[in-house]
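Here is the naming used below: chain letters follow the sequence lines, and residue numbers restart at 1 for every chain.
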There are 2 protein chains.
Amino acid sequence: MKETIEMKWCGDMAFEADVDGHRVIMDAQPKHGGNNKGPSPKPLMMVALAGCTAMDAISILNKMRVELDDFSVVVEGELTEEHPKHYTSMHIVFLFKGKDLPVDKLQRAVELSQEKYCGVSAVYRQTMDLTYEIKII
Amino acid sequence: MKETIEMKWCGDMAFEADVDGHRVIMDAQPKHGGNNKGPSPKPLMMVALAGCTAMDAISILNKMRVELDDFSVVVEGELTEEHPKHYTSMHIVFLFKGKDLPVDKLQRAVELSQEKYCGVSAVYRQTMDLTYEIKII
């Protein structure tokens with residue numbers, strides 16, 4: 001199965017990507033010649049990871065009939081200081097909020113994503129230390 | 001060096017990530033329970049790649065005093081059919097437009113990014129077939 005994204009230059013260090021008709025603007029910080037009009041590209045690797053695993057979790061929890069009041073995800077990445085500056089580890093924190101949440105089902109949903117479904121995790125895990133934890137509020 | 005992104009759930013399959021104050025919306029297609037309010041997460045892996053290597057190239061070409069009329073990047077990714085559905089290859093097309101462009105400098109700028117500077121490419125290359133080509137208009 002093939003997927004394609006297109007991206008055009010908007011002057012200086014700004015770029016606009018088109019993903020199935022959705023625009024994603026990227027830019028560099030002023031210290032790197034940009035104007036900070038959008039996120040820098042590298043952290044989008046963490047955004048892709050957070051989104052992919054969170055959509056899995058929500059989808060599985062829906063099937064388990066678990067109702068959440070709130071849900072958020074934080075990803076922390078460790079970058080090398082030397083070129084090519086790249087992530088050597090990422091840690092995902094899943095924060096679930098709700099009344100009398102079933103801990104075992106939350107853990108199972110996250111495990112299923114991390115071990116079976118999340119294609120972003122599957123790629124990153126081959127090259128970096130990928131860990132996660134679950135917090136329930 | 002540590003970097004962090006935060007992402008909150010917006011109901012159904014929609015999520016909003018915060019990257020240094022910049023919002024990135026993600027959503028699933030209706031066939032996957034979403035409302036298509038934003039890009040799906042996985043192609044953002046290709047957006048991160050396109051942005052990272054293109055910013056390197058522009059930055060190097062600026063130092064070489066090469067002036068472009070236009071510049072765009074296309075990334076094609078090949079996904080597995082089986083879970084976890086993940087990219088097994090990506091191909092980057094760099095499209096440069098301008099008058100009397102110095103081919104050797106364009107090639108050198110792209111090579112420097114791909115071989116030395118681009119931290120997204122450095123990660124992906126360890127797990128998938130990563131190729132590129134340069135087109136000059």
Can you tell me which of [options] forms the most heavy-atom pairs within a distance under 4.5 Å of chain B?
options                            : value
A:Ala122, A:Pro43, A:Ala17         : A:Pro43
A:Ser40, A:Ser121, A:Pro39         : A:Pro39
A:Val19, A:Thr53, A:Ile25, A:Val75 : A:Val75
A:Val93, A:Leu44, A:Leu79          : A:Leu79
A:Asn36, A:Thr88, A:Leu68          : A:Asn36
A:Gln29, A:His32, A:His91, A:Lys37 : A:Lys37

Quick check on [X] against chain B: is it the side chain, the backbone, both or neither that has a heavy atom closer than 4.5 Å?
X        : value
A:Met128 : side chain
A:Asp12  : backbone
A:Ala50  : both
A:Tyr87  : both
A:Val24  : side chain

Around atom [atom1] of [X], are there more than 12 heavy atoms from other residues, nucleotides or ligands closer than 6.0 Å?
X       : atom1 : answer
A:Asp20 : CG    : no
A:Glu6  : CD    : no
A:Asp69 : CG    : yes
A:Glu67 : CD    : no

Count the heavy-atom pairs under 4.5 Å between each of [options] and chain A, then report the option with the highest count.
options                    : result
B:Lys2, B:Lys8, B:Arg23    : B:Lys2
B:Gln126, B:Glu82, B:Met46 : B:Met46
B:Asn62, B:Val73, B:Thr80  : B:Val73
B:Cys10, B:Pro84, B:Gly21  : B:Pro84
B:His83, B:Glu76, B:Met1   : B:Met1
B:Ile58, B:Val74, B:Leu49  : B:Ile58

If we only count heavy atoms from C-beta on, is the [X] to [Y] side-chain gap below 4.5 Å?
X        : Y        : value
B:Arg125 : A:Thr127 : no
A:Tyr124 : B:Met45  : yes
B:Met55  : A:Met26  : yes

Heavy-atom contact with chain A under 4.5 Å, split by part of B:Glu81 |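 The answer is the side chain of B:Glu81.
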
Interface moiety of B:Asp18 toward chain A, non-hydrogen atoms closer than 4.5 Å =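 For B:Asp18, there is no contact with chain A at all, as no heavy atom is under 4.5 Å.
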
Can you label the angle between the B:Phe71 ring and the A:Phe15 ring as parallel, tilted or perpendicular, going by 30° and 60°?
->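 Rings of B:Phe71 and A:Phe15: perpendicular, over 60°.
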
Are B:Phe94 and B:Ile137 linked, directly or through other ILVMFWY residues, by side chains that come within less than 4.5 angstrom of each other?
->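 In one cluster: no.
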
Linking I/L/V/M/F/W/Y whenever any side-chain heavy atoms sit under 4.5 Å apart, do A:Tyr132 and A:Leu95 land together?
->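 Different hydrophobic clusters.
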
What are the two closest non-hydrogen atoms of [X] and [Y], and how far apart are they?
X        : Y       : result
B:Met13  : A:Ser59 : CE-CB, 4.1 Å
A:Met7   : B:Ala54 : CE-CB, 3.4 Å
A:Gly119 : B:His86 : O-CB, 3.3 Å

Atom CD in B:Glu16, atom OG in A:Ser72: separation rounded to 0.5 Å?
->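 It comes to 12.0 Å.
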
From A:Lys85 atom NZ to B:Cys52 atom SG, the distance as rounded to the nearest 0.5 Å |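 Between A:Lys85 NZ and B:Cys52 SG, I get 11.0 Å after rounding to 0.5 Å.
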
Donor-acceptor contact below 3.5 Å, side chain B:Glu3 vs main chain A:Glu78 |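 No; judged by distance alone, with no hydrogens or angles, the pair does not exist.
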
